[in-house]
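Letters A, B, ... are given to chains in the order of the sequence lines, protein chains preceding strands, and every chain is numbered from 1.
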Amino acid sequence: MAITQHRLIFKHIDAPGYTRDIACYRKHGGYEMLKKGLGMGGAAIREEVKKSQLRGRGGAGFPTGTKWGFIDPSKVTKPIYLICNADESEPGTFKDRQIIYKDPHQLIEGMILSCFANGVKLAYLYIRCEFTEGWRILETALAEAKAAGFLGKDILKSGYDLEIHVHRGAGAYICGEETGLIESLEGKRAYPRIKPPYFPAVLGLYMCPTIVNNVETLCNVRHIVEMGGDAYAKIGRPNNTGTRLLCVSGDVVRPGYYEFPCGAVTLGQLIYDVCGGIRNGRKLKAVIPGGSSAKVLRAGETYKMKAKDIHGNTVDREVRLEDLPMDFDSLAAAGSMAGSGGVIVMDDTRDMVECLANISAFYAHESCGQCTPCREGVLWLKKILARIAEGHGKEDDPALLRDVADRIAGRTICAFGEAAAWPVQSFIGKFKEEFQIRIRRNGTAAKTDTVSLTH
Amino acid sequence: MNPWNHDVAKDENDLVDVQVDGVWTRMPRGLNVVEVAQRAKKFIPHYCYHPKLSVVGNCRMCLFEMGTPKMGPDRKPVLGQDGKPEIAWMPRPQIGCATNITPGMGIKTDSPLVKDCRNGVMEFLLINHPLDCTICDQAGECKLQEYSVEYGTGESRFIENKVKKPKNVDLGARIVLDDERCILCSRCVRFSSEVMKDDVLGFVNRGSHSTLTAYPGKSFDNAYSLNTVDICPVGALTSKDFRFQMRVWFLKETKSICTSCGTGCNVTIGSREGKVHRLTPRENEAVNSLWMCDFGRLNFHFLESKDRLHRPLLRAAGEQFPGTWADAIQRSADGLKKVKPEDIAVVASGRLTLEELFVLKRLVTELGVTRVDTVLNLGQADNFLRSGDGNPNRRGTELLGLSSGGRKLGSWGAEIESGKIKALLVTGGEDVVAAGISAASLAKLELLIVSGISVHETTRMAHVVLPGAAFAEKTGSMVNVYGRLQRMTRAVPPPGEAREEWTILRDLRIALTGGNSLHSVEDVWKSMAAEVSQFSGLSWAKIGDLGIQIESVSQPAESVTG
Ligand SMILES: Cc1cc2nc3c(=O)[nH]c(=O)nc-3n(C[C@H](O)[C@H](O)[C@H](O)COP(=O)(O)O)c2cc1C
Ligand code: SF4
Ligand code: SF4
Ligand code: SF4
Ligand code: FES
């Protein structure tokens, strides 16, 4: 049974004949919402965004209306900046690039509306450095928009001025962390800032109030202006409104990007119906539901969740992995997260030791190195895992891994600490026997004086 | 001077209630938790935090448990039985260096979670550390060692290969870096960029491979670079001058001041068995904060120079021969007696202590000499600590009426030539040849007495050379260019038979006038305090380790140049 998608953001993406130039975009109603928005006024747009209950699509799921609400354009005397976070580097995530490559004007329209709503005169589009083509596409699209009078001085005779600059990223995962991004944009190493005191809304880019939003989040603003906040909030589920772009990779028959109302499909439907099930007739072993930093879910697991019974009382309900709705709150209740929408599926041939060693290698390579627990701890995790994978594991390694991860999470400058620790905590917690078997199998060969050759 | 002073409260009287380890106390609003804990005698260990630098929060050593007042439905704090707010504790630890206190805040500095955090950070910091304490200059004053003992476990669970990084890196003229020892706290980077406005240091590479380095093609040698060696919590930055010279625990520490310019930075002299091994800045917010210039810091090797004067010298048959102190004093006194007071000139050095100057003043007054002046010793002022005045106690010579700002001295050469000046007494090791009186002129003098420290043109021309003590070898006081009276203390004895100059001048006075009432430097101070209004009522004890302001000079008189 094929479940039909609800394509809002991806409406035109991959549609036959749809091209990324401004003429095509306008033929499909492009920039009409800009006209509408300019007529509504900034405060009205902010109100609609608040009503829409839109939550950020960059990873943390923070309510966009609340984020914008930290800044009152009528009271702020410094410039207010808006930054579109297009650094998309979380392994397993490939949604923002579809928008940038195939429908850049949708993003630009969303950005202009968001800037207008928040009194922003200068905005930046920080794009992952590896998206070379995407960068060219955006430059072209911005030039088109400017030529058409949607950007620059006195946009559509409204008296509103806005410039958007594209800035290419510095080639590191940490450039996607919003304060690291801001430092990078200022020309420095992408060292995330301490919060407090450097909350972007107060002391952001050049120490001015700054809004950082993900590509997908900003696109949604365009649709909220079109539909109105209340109508938008009807898509999906309460507190999990709108659609969600899901990037499915790994051992499924049809990996790819899909769009559904938040929570409209369950994890089981996504894997088995939408993506055609596990490849080669194999069985599901594990799935990471929200980008590689999200905690892994193990096939066969059940989760305790709060639900309302027919009398409206809150009751505990057991939910199977397959029945988990793909929305923020359900995945959080299952102990993981919706994160960046990257769903990584692993079948029963996958070696969990290798999987985790691979993930940890990524994080060890990407730690910015600023704060002690992450800088030293993450490389240590990687080295232990590489050693186990190479056949030199020791009996107490799983406990050590656990302990090291526990001493990173919650003690670092930025959420990278958690991003690196969560996979370890969850893999070791849920697949402990696999690690033990691997270690015991190599037990006699294991020499504590033989150390990893991988650095 | 400093861009930040986190240890100073905006208003010491604007207090808020905070609970530190269960005890309620009142602390100045806005101070950070590290400072508040310190004031509450609850030390929170820290590496990256430095009160005079920006807060970056990277070491995570200062994690503490934080709570805020529980709010009732009326949005007012819920009060406990003790009438104090009940505290809701946050599950996540916070960093003390970046958290400013707010009313009703709860602070736990040694809960099990806090201990685990510190223990974790210590373990992380050590896994890739070379642990080469045995050959590390920082050993004995290393925060990594100290906190390991205090907060570490004493054993390692790390069996992997350590990260390899550059060792023995020549960072600049005076500093060597060991990147493997560096804990990446960025204190040196921040000092250089924030205090010195010299953006030369930074990190390259990522993660555990992060490496401190100077900007390609640049070297780290600004005029204050060695301060980073002091604030580096570990042995990553070492001073080329001091490294491998002496274990720090053998050093005797003497509180004194730098005398290489008119600022008089407060220092600690580190010495052992009569040898000075290093000078380090001693905190004094009124003078130098925690810093000193590299020039002043390293300007002590002359103490050991082979040019030092060890014994009195007497001229006979055109040559100088070693003699006894008794002969040297007698010869000087006899010589001075033969010359009329109006034919005598005296150089009162701005490098002498107030006490020495005071004895000199007595001598000059008793002799009736009026031709008294100082040598200017102009140096290169920078816009930070270094003063353009090379005399550490020029103000002292002025207060005692022994200086005309070099105006008189300017004509002494000609006056010697014309026979108006027949005898010259030079103190403080001044080289008047360098100050413009030619050696040929000096040769015309009937009597040239030089009390000094090292051999130079002027001492070579002298009839009598009286070897004196240099700054680290004497006790006394000076007034800096900002009008601050400060003490200096002898750390090592002068070489050979050399003596503190006040005793030389005292003996000369006895030989000349027969009288003396000054038996110790304290005696000298007392007499001076009774005579000189600026010092009245002051005692050495009152001056204290940090000195006292006796007049306020906002604009240091570099104008002496004109
Ligand atoms: C280590 C790390 C990497 C991140 N990378 C990205 C990224 O590539 N793209 C992104 O949009 N957000 C990323 N984020 C989240 C951003 O910090 C920020 O929360 C987000 O851009 C806010 O946008 P939103 O409110 O629209 O979700 C990252 C966060 C962390 C901690
Ligand atoms: S947690 Fe990791 S990535 Fe984030 S600031 Fe610290 S070292 Fe850098
Ligand atoms: S050299 Fe010293 S002061 Fe500089 S970052 Fe390393 S540990 Fe810190
Ligand atoms: S500034 Fe002057 S007093 Fe201070 S250390 Fe340098 S030379 Fe010495
Ligand atoms: S002292 Fe380093 S994080 Fe606070």
Side-chain angles (χ1 to χ4, degrees), chain A residues 171-174 188-198 363-387 392 394 396-397 399-400 403-404 406-414 416-418 420 447-455, chain B residues 32 47-49 54-63 66 90-95 97-100 102 113-114 116-129 156-164 182-186 189 193 199 202-212:
Chain A
Y173 172 65
I174 202 59
K188 297 176 263 178
R189 276 171 75 89
Y191 271 171
R193 294 174 176 172
I194 45 173
K195 294 145 270 192
Y198 302 107
Y363 288 104
H365 186 248
E366 296 296 339
S367 164
C368 85
Q370 191 185 190
C371 65
T372 310
C374 169
R375 176 183 71 235
E376 304 298 339
V378 179
L379 183 63
W380 191 6
L381 292 173
K382 175 211 153 166
K383 285 180 175 176
I384 300 170
L385 285 160
R387 182 164 50 72
H392 301 292
K394 297 201 316 149
D396 37 10
D397 280 340
L400 179 59
D403 199 41
V404 172
D406 288 350
R407 287 172 142 202
I408 299 170
R411 301 178 186 186
T412 54
I413 290 179
C414 81
F416 185 103
E418 282 82 44
K447 290 185 247 132
T448 54
D449 59 346
T450 310
V451 282
S452 166
L453 300 171
T454 333
H455 297 293
Chain B
N32 68 47
Y47 285 110
C48 67
Y49 171 68
S54 64
V55 172
V56 288
N58 63 30
C59 75
R60 318 307 283 181
M61 191 62 187
C62 67
L63 287 166
M66 172 172 152
M90 297 166 65
R92 265 170 171 254
Q94 303 293 315
I95 47 173
C97 60
T99 307
N100 297 336
T102 48
L113 173 63
V114 172
D116 188 65
C117 288
R118 289 174 186 164
N119 190 269
V121 170
M122 283 318 303
E123 180 173 40
F124 288 138
L125 284 177
L126 291 177
I127 56 174
N128 284 304
H129 193 83
S156 177
R157 300 185 287 176
F158 186 81
I159 59 164
E160 325 302 327
N161 270 348
K162 292 192 186 231
V163 173
K164 288 268 160 266
C182 171
I183 59 165
L184 302 156
C185 72
S186 84
V189 180
S193 109
D199 258 321
F203 297 116
V204 294
N205 301 333
R206 299 204 294 234
S208 205
H209 301 276
S210 301
T211 304
L212 175 72

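- Here the side chains of A/L379 and B/H209 are in contact, with some heavy-atom distance below 4.5 Å.
- Nearest approach of B/A98 to A/I194, heavy atoms of both residues: CB-CD1, 3.6 Å.
- A salt bridge does not link A/D396 with B/R157: none of the charged nitrogens is closer than 4.0 Å to a carboxylate oxygen.
- Neither the backbone nor the side chain of A/D406 comes within less than 4.5 Å of any heavy atom in chain B.
- For B/I127, the part sitting under 4.5 Å from any heavy atom of chain A is the side chain, from C-beta outward, and nothing else.
- For chain B, no part of A/A409 is nearby; none of its heavy atoms comes within less than 4.5 Å.
- In this structure, no portion of B/N100 lies under 4.5 Å from any heavy atom of chain A.
- Within the model, atoms CD of A/E376 and CD1 of B/I183 stand 10.0 Å from one another, a figure rounded to the nearest 0.5 Å.
- Separation of atoms OH (A/Y191) and OG (B/S186) is listed at 8.0 Å; rounding is to 0.5 Å.
- Of all heavy-atom pairs between A/K383 and B/N161, the closest is NZ-O, 2.6 Å.
- Both the backbone and the side chain of B/F203 come within contact range of chain A, judged by heavy atoms closer than 4.5 Å.
- For a residue to count as touching a neighbouring chain, one of its non-hydrogen atoms must lie under 4.5 Å from one of that chain's; by this rule A/I174 does not touch chain B.
- Using modelled atom types and a 3.5 Å distance limit, the side chains of A/R407 and B/N119 yield a donor-acceptor pair.
- Within residues 363-370 of chain A, the residues approaching chain B closer than 4.5 Å by heavy atoms are, in numerical order, A/H365, A/E366, A/S367, A/C368, A/G369, A/Q370.
- In this structure, the separation between CD1 on A/I408 and CZ on B/R60 is 13.0 Å, given to the nearest 0.5 Å.
- With a 4.5 Å cut-off on non-hydrogen atoms, B/S208 touches chain A through its backbone and its side chain both.
- No other option in B/D116, B/L125, B/V55 has as many heavy-atom pairs under 4.5 Å with chain A as B/D116.
- Across every non-hydrogen atom of B/N58 and A/I413, the tightest pair is CA-CD1, 3.8 Å.
- Here the CZ atom belonging to B/R206 is positioned 12.0 Å from the OH atom belonging to A/Y173, to the nearest 0.5 angstrom.
- Shortest non-hydrogen contact noted between A/R411 and B/P93 is CG-CG, 4.2 Å.
- Heavy-atom distances place both the backbone and the side chain of A/V404 under 4.5 Å from chain B.
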